[in-house]
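Residue numbers run from 1 in the order of the sequence given. Here the structure is a predicted model, which means the values were calculated and not measured.
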Amino acid sequence: MAFSSATDTHQAPGDIRVVNATGEIDLETAPALSAALTAAVQRHSWVCCDLSGVTFCCAAGVSVLLEAAHEAARVGHRFHVRGAHGVTARVLHLTGAEGFLSDKGSARQTGREGARPADGSTAPHRGKGRDAAANSPTP
């Protein structure tokens, strides 16, 4: 199965943008995800990449996610992922990207730990366990 979407985004409460990725993220499809994430982190103060629809993610996908996190930090915004499961969760764990891409890692990178969206709601977060993000509340 090929990567099918990175542009299915929706506005959540506050200035949170959710980018839903589905299918496979590999060398061929990573540029589409990169474009969607780059646009989102430049326009929104908080971006969440939902990986619950991703069936495979290789190092190219991890690189795209880390680049989005770096870009968000560069412009003073927050970025995190949620919903990683199966091979994708394993790849994020083995590469060490898992902690950096969590909501807590995003807050540390921007120096805004404990910050909340403008509406005062709590942000989606990772609980205990590597697949806990799949059970996070939807923003």
Side-chain angles (χ1 to χ4, degrees):
M1 178 191 335
F3 177 76
S4 59
S5 175
T7 57
D8 180 23
T9 62
H10 67 275
Q11 188 73 29
D15 190 28
I16 300 173
R17 173 64 70 170
V18 178
V19 177
N20 296 302
T22 59
E24 298 181 355
I25 305 171
D26 57 22
L27 283 171
E28 183 179 320
T29 61
L33 179 60
S34 179
L37 292 176
T38 299
V41 299
Q42 290 175 350
R43 293 184 182 110
H44 302 279
S45 63
W46 196 329
V47 175
C48 172
C49 183
D50 188 330
L51 301 176
S52 58
V54 173
T55 56
F56 174 79
C57 180
C58 71
V62 173
S63 179
V64 165
L65 295 171
L66 290 172
E67 287 171 8
H70 285 292
E71 177 63 14
R74 186 186 72 75
V75 298
H77 295 170
R78 295 177 74 171
F79 175 83
H80 73 278
V81 299
R82 70 171 182 204
H85 59 91
V87 172
T88 303
R90 183 89 172 129
V91 168
L92 292 176
H93 177 72
L94 290 173
T95 60
E98 175 182 53
F100 185 74
L101 296 171
S102 73
D103 181 34
K104 291 180 182 177
S106 172
R108 282 191 302 271
Q109 289 299 316
T110 61
R112 293 167 41 183
E113 194 160 9
R116 293 179 180 236
D119 69 352
S121 66
T122 57
H125 62 280
R126 294 178 76 111
K128 293 182 181 176
R130 101 176 156 219
D131 293 335
N135 298 321
S136 295
T138 303

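Judged purely by atom type and a 3.5 angstrom limit, S102 uses its side chain to pair as donor or acceptor with the backbone of G99.
Of all heavy-atom pairs between A69 and L101, the closest is CB-CD2, 3.9 Å. Shortest non-hydrogen contact noted between T55 and T88 is C-OG1, 4.4 Å. Across V91 and V62, no two heavy atoms sit closer than the pair CG1-CG2, 3.4 Å. Residues D26 and T29 approach most closely at N-OG1, 2.9 Å, considering heavy atoms. Taking both residues in full, the closest heavy atoms of A36 and V19 are given as CB-CG1, 4.3 Å, listed atom of the first, atom of the second, then distance.
The shortest side-chain heavy-atom distance between L65 and L92 falls under the 4.5 Å cut-off. Contact check for I25 versus V64: no side-chain heavy atoms found under the 4.5 Å cut-off. The shortest side-chain heavy-atom distance between E71 and Q42 falls under the 4.5 Å cut-off.
The distance from the CD atom of E98 to the CZ atom of R90 is 10.5 Å, given to the nearest 0.5 Å. Interatomic distance, R82 CZ to N20 CG, rounded to the nearest 0.5 Å: 7.0 Å. With rounding to the nearest 0.5 Å, the separation of SG in C49 from CG in L37 is 4.5 Å.
Applying the side chain to side chain contact (heavy atoms under 4.5 Å, CB included) test to A60 and every residue at least two apart in sequence or in another chain returns L27, A30, C58. When the side chain to side chain donor-acceptor pair (under 3.5 Å) test is applied to R43, no partner is found at least two apart in sequence or on another chain. For S63, the side chain to side chain donor-acceptor pair (under 3.5 Å) partners two or more places apart in sequence, or in a different chain, are E67.
The aromatic rings of H80 and W46 stand perpendicular to each other, their planes meeting at an angle above 60°, with 30° marking the opposite boundary.
Under a hydrophobic-cluster definition in which Ile, Leu, Val, Met, Phe, Trp and Tyr are linked whenever side-chain heavy atoms come within less than 4.5 Å, directly or via other members, L51 and V87 are assigned to the same cluster.
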